Asks: 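Pasting in a structure now, in structure tokens, and then I'll have a few things to ask.
A note on names: the letters A, B, ... follow the listed sequences, proteins ahead of strands, and every chain is numbered from 1. In this text, all values refer to a predicted model and were calculated from it rather than measured experimentally.
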There are 2 protein chains.
Amino acid sequence: MQTPEPLGGTRPTSRDVARTAGVSQATVSLVLGEKWRGRVSERTAETVRAAARDLGYRPNLAARNLRLGRTRTAMLVVPALTNEFFAHVYTGAAVAAARHGFGVVLYPSPDGVGPARDPFASAQAALDGVIASSMAADALKAFRGTDLPLVMLDSDPSDPGASAHLNIDVADGMRRVTEHLLGLGHRRFLHLASAVPSWTFDVRAAALADALRGAELRTVRSPLNVADAWTAAHAALDTREPRPTAVICDDDILAVGVLKVARRLGLRVPEDLSITGFDDLALATAVEPELTTVRLPAEEFGRRGMEALLAVLAGEPAPPVTLPVELVRRGSTGPAPAV
Amino acid sequence: MQTPEPLGGTRPTSRDVARTAGVSQATVSLVLGEKWRGRVSERTAETVRAAARDLGYRPNLAARNLRLGRTRTAMLVVPALTNEFFAHVYTGAAVAAARHGFGVVLYPSPDGVGPARDPFASAQAALDGVIASSMAADALKAFRGTDLPLVMLDSDPSDPGASAHLNIDVADGMRRVTEHLLGLGHRRFLHLASAVPSWTFDVRAAALADALRGAELRTVRSPLNVADAWTAAHAALDTREPRPTAVICDDDILAVGVLKVARRLGLRVPEDLSITGFDDLALATAVEPELTTVRLPAEEFGRRGMEALLAVLAGEPAPPVTLPVELVRRGSTGPAPAV
DNA sequence: CGCGTAACGTTATACGTAAAACCTCGGCCG
DNA sequence: CGGCCGAGGTTTTACGTATAACGTTACGCG
């Protein structure tokens, strides 16, 4: 009434709130920052809050970030959200972040689509830290030289470049898969491996080779998409040599590719061929038969990654962690055919 | 050598660059802002660039945002990234954004998980605008009262609350589906509709009812996940009354649920039952038979949404747009059984 | 009475950047 | 020869916030 409120496009600032509340800007900051215990009377505080409410005041985040020198924002670097696994990782990270008043931004299109030459230029948000999957190795180079705290997912724990390490026990996953298949009588295996270079896939291959000593094992590499998996699997299975009786895939997506190939070749699953995957995506239960797979705790992965980053930012220690996996037995595996 | 460079955790500022280059801070800003045509000599410019490179200078985004009053950041509000459709929407938006030096942040967990009471508090990045799916209606309320530019996806074009509207021609999709199925001889239909309230689903239902005048149509609503779809479809199909011969689903996820139910009930697809979906997700080609579905241009949806927002921000007009769809015929539809 | 001190605020400052306004010095033209 | 102009910078200011440092009462207490 007496004070002409700022109209139009200009948003009210803390100074505007101060003016209408009849106090200084500092007091507004104190009250709204919940830092006023014993510094401001309850009466004044209420006046300030009312004024802020009336004006529809929203603190300017850019100004706050500048003042505080931190942004409460973390960047998540993953290959692609269209891979359901990473969508879950993101969700876990975002929820954990929100619980602590943090936000999560994604590395701009690390899967090669689009320019994103300078990650800092595209993601305009300044960052407090980074959580990165080792599957996005090229994107990671952008953060070398930065002194940002870096939590590595699925990366060699002995790598000293990271502030913290978080892994999933995929070696154990491979051991359980082989144990399961060996118990069913299988002796000739095909490993359909990911062509994406990453520590986690190296570990899987090594664990598999180790667990399958004495059995027959071939390996084929393929990108993580159905079409390429199809081609790779087709080449490996359509042979006159004694065929593998079980295909172990690094990923459910690959496994579905194999399933389709098997159908095309007239092989029944699991009677003629057993198939296993990794991740336990929605795909795994959509197909028929449903996939036996190693369930990875994707959402927890994201959550713990964020928690590790928060710990680092708080100066607390963040010891390396390895999350357990679970073997989910479904219809795609069965007794080895008696050749 | 003579100037002790700032060491430790402190990042170099434009003033540090100025000092080592022997110029004023303003000059640094001019050169690095590419605004120096005719204002700074090429020799000086090179000196500045060299100094910036040596010091590893990175502009402070928070300061820049504060100064410029904009952040080159948009927020995307969608139900959940774990729905592949929205992962594609995000990708499209992010790529288009990056091309224009923009970043995209996601609304913090609008699917109900986590707190995220105040979207501004969690997403610390200040925003220039919002792109929102009508499927996240509750989250949208947070932006009422804000004068942020708002691009609505899949929302009633007559809604005046938005700065721009972008839709997908799902009515045409429904018409093509029914045309296809009627052509195959089907006369008894079941519509498995989404329980999520959204304009896009209202449009589909209306278009379907309109196209099926004279034929028999039942409707069942279900949340967009496989488990619930399973239950809903089971109840609708396990009946002694004359069974529908075709199930039209609002979504591939629902369609896969129906496919599993059919198998459970001993119905062959498509001999006994035809099934159609919407979206054309990876799921659609993973299952056997592959799904006949209406392909929605998800990535383009995100891209155009971002472009519309950019237009609004530039003060240009952003007329409402409706994107075309495509019917993809696959194995899940076939001639109606002769009852 | 005098002084510490608690209660309640205010004033002043800094964060790092972009850009408007200003300065200086030759050269050129009328 | 005086004034104007443009090239090539510099000085200064503002963005909105958080907080350290600083006042000003009033009151309790030795």
Asks: Write down the distance between OH (B:Tyr57) and C1' (C:dG16), rounded to a whole number of angstrom.
Replies: 7 Å

Asks: If you measure from CZ on B:Arg15 to OG1 on B:Thr20, what distance do you get to the nearest 0.5 Å?
Replies: 13.5 Å

Asks: Once you round it to whole Å, what is the distance between P of C:dA19 and CG of B:Asn65?
Replies: 13 Å

Asks: Provide, to the nearest angstrom, the distance between the CG atom belonging to B:Leu61 and the P atom belonging to C:dG16.
Replies: 13 Å

Asks: Considering non-hydrogen atoms only, spot the tightest contact between A:Thr73 and A:Ala126 and give its length.
Replies: CB-O, 3.8 Å

Asks: Examine C:dG16: is either OP1 or OP2 under 4.0 Å from a nitrogen or oxygen in the side chain of B:Ser14? Give yes or no.
Replies: no

Asks: Evaluate side-chain hydrogen bond (donor to acceptor under 3.5 Å, both in side chains) for B:Ser14 paired with B:Ser29, printing each intermediate quantity in order.
Replies: CA-CA 7 Å; B:Ser14 67; B:Ser29 192; over 6 Å; no

Asks: Roughly, in whole Å, what's the span from CG in B:Leu32 to C1' in C:dA19?
Replies: 15 Å

Asks: Would you mind reading off the distance between A:Lys35 atom NZ and D:dA21 atom P, rounded to a whole angstrom?
Replies: 16 Å

Asks: Each nucleotide in nucleotides 8-15 of chain D should get exactly one letter: B, S or -. Can you fill that in based on protein heavy atoms under 4.0 Å?
Replies: BBBB--BB

Asks: Is it true that A:Arg303 and A:Glu307 have a side-chain N and a carboxylate O under 4.0 angstrom from each other?
Replies: yes

Asks: Using 4.0 Å as the upper bound for N to carboxylate O, is an ion pair formed by A:Glu299 and A:Arg304?
Replies: no

Asks: Looking at side-chain heavy atoms only, is the closest gap between A:Val23 and A:Thr44 below 4.5 Å?
Replies: yes

Asks: To the nearest Å, how far apart are A:Trp36 CH2 and C:dA6 P?
Replies: 20 Å

Asks: Is the phosphate of D:dT17, meaning OP1 or OP2, less than 4.0 Å from a side-chain N or O of A:Ser29?
Replies: no

